[in-house]
Q: 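Below: one structure in structure tokens.
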Amino acid sequence: MNPEQFRDAGHQLIDWIADYRKQIESMPVRAQVKPGEVRRQLPVEPPQQSHDFDQLLADLQSIVVPGVTQVQHPMHYGWFPSNASLASVLGDVASTGLGTLGISWESCPALTEVESVVCDWMRQLTGLSEQWQGTIHDTASTACLTALLVARENASRYSQNRGGLQAEAMPLVVYSTAEAHSSITKSALLAGFGADNLRFIDMAPETRSMSPVALRNTIAADIENGKRPAAIVASVGSTGVTAIDPVAEIVEIANEFGVWLHIDAAMAGSAMLLPECRHLWEGVEDADSICWNPHKWMGTILDCSLFYVKDPELLIRAMSTNPSYLQSTVDDEVVQYRDWGIPLGRRFRALKLWFHLRLDGVEEIQQRLRRDLDNAQWFAEQVRNTEYWQVVAPVNLQTVCIRHQPPDLEGEALDQHTLQWVNSINQSGKAFMSASQLDGRWMVRVSIGVESTTRGHVEALWHLIKKTVAG
Ligand SMILES: *Cc1c(COP(=O)(O)O)cnc(C)c1O
């Protein structure tokens, strides 16, 4: 494809995307395809000859779109908001079109320096002090793994340069809660701590936030038993019920015992764009690393996960590689982001944040987040004020966890009832919510915050839920 052919096809594709986004509300929210249905429509053999672009676009429409769960649909209330603002889509296109290679400062100075600047803008926008320096990872899972690798090397005094964890006399321990995201367990296992050395600290029953007393006792007991506490992962906004661990109290314990504290605010970090929400992570300044995803609620298209540390030297010490072919004459003056994380080759992700902030503007993004917080409070009020309905967890942000509990239903029968009404709505394609377990019983998470979700959509959802339950 030459640039002129690209120009023609590219214009068509942008038109197609704009039409698609305009029509999204007329599509079912959850993909209605059966397993294997998309695959069966594709040829087994790869194409040998070139196809024309119209044909490809037609297949994109007729084969791919039906196989997409429309998370940009205003009636999508599942999992978490996974917004892909069109401003950030343009930034992603620009990034792809530039075709850059991010393996060193020299391979694309602009990639490194725009990234430094937008990470610093985001730092300021979330009220963090100048002591934090950021980089962009693909996902919060990668950021958490990176944090735990650094914590491991820090606590073991760089065991990687000796026999690694396999030669350590004292097992290293990681602390989190059962409410934390599954990526925390995955990271702890991948970083070699072992399931036996991952502690799920007790939580306050109502809020499901980590108990500082239990944390301190567990750490003290581990030390007494010859183990070495290495890392605490605190959740600011857990996936299940948006639980907020008490960062200010946890930070004191982390400092007292010299343990790395990683803050996982993947979903709730967006709320820190609002000064009135920052009390939720009070104490964060004394943590060691922070991660959150602009690619969730804020709406910079996936993948865009911010990772901040105070001392990049610790990252570099654990992760630096410096082969001769990557060395250059300016190495003393520049940042090499390859040494701040796992991959060597990095995408120019900063562009989508840059486009998003410049084209939408921070004030518009903040207004939208406030709208969503309001909508969540409104929705929770309706639920609370309706007979036999309950809000089953505190509404800290934009997620409302609900259950319909008629007087004659409990236990298994209640579970069946919950799953029946939520599945019936999800299957209809009219709206989508996630069922999730809380203390072993099913409930439904209504996660509000798609860019196009207005109060009218939330009202329509409540109407639909009541109608479905009434049968
Ligand atoms: C979504 C989420 C993650 C994982 O995010 P990825 O970027 O998909 O890896 C981790 N923690 C929390 C609290 C989340 O909400």
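Positions are given from 1, in the same order as the sequence printed here. It should be emphasised that the depicted structure is a prediction, and the values quoted were computed from it without experimental measurement. Counting starts at 1 for both ligands and their atoms, following the listed order.
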Q: Which protein heavy atom lies closest to atom 9 (O) of ligand 1, and at what distance to 0.1 Å?
A: S141 OG, 2.5 Å
Q: Which residue, I184, L190, L189, forms the side-chain contact (heavy atoms from CB on, under 4.5 Å) with K186?
A: L190
Q: Using a plain distance cutoff, I'd like to know if S183 has any nitrogen or oxygen under 3.5 Å from a nitrogen or oxygen of ligand 1.
A: no
Q: Numbering the atoms of ligand 1 from 1, which are under 4.0 Å from a heavy atom of T239?
A: 12 (C), 13 (C), 14 (C), 15 (O)
Q: Is there a side-chain contact between N375 and H457 in this structure, where contact means two heavy atoms from C-beta onward sitting under 4.5 Å apart?
A: no
Q: Here's one to test your reading of the geometry: is the NZ or CZ of R123 within 45 degrees of the ring axis of Y308 and under 6.0 Å from its centre?
A: no
Q: Under 4.0 Å from any heavy atom of G237, which atoms of ligand 1 are there?
A: 13 (C)
Q: Tell me whether the rings of F307 and H137 are parallel (<30°), tilted (30 to 60°) or perpendicular (>60°).
A: tilted
Q: Relative to the heavy atoms of N293, which atoms of ligand 1 are at a distance of less than 4.0 Å?
A: 5 (O), 6 (P), 7 (O)
Q: Give the residue, atom name and distance (to 0.1 Å) of the protein heavy atom nearest atom 4 (C) of ligand 1.
A: H181 CE1, 3.3 Å
Q: For D303, is there an ion pair with K352 - N to carboxylate O distance below 4.0 angstrom?
A: yes
Q: Does any N/O atom on A266 come nearer than 3.5 Å to any N/O atom on ligand 1?
A: no
Q: From the options M267, H137, K296, H295, select the one whose nearest heavy atom is closest to atom 1 (C) of ligand 1.
A: K296
Q: Just to confirm my output: which protein heavy-atom neighbour is closest to atom 11 (N) of ligand 1, and how far is it?
A: D264 OD2, 2.7 Å
Q: Should the pair Y20 and W16 be assigned to parallel (<30°), tilted (30 to 60°) or perpendicular (>60°) ring geometry?
A: parallel
Q: If the plane angle is over 60° it's perpendicular, under 30° parallel, otherwise tilted; pick one for F379 and W462.
A: perpendicular
Q: Pull out every atom of ligand 1 sitting under 4.0 Å from any heavy atom of T139, numbered as shown with elements.
A: 6 (P), 7 (O), 9 (O)
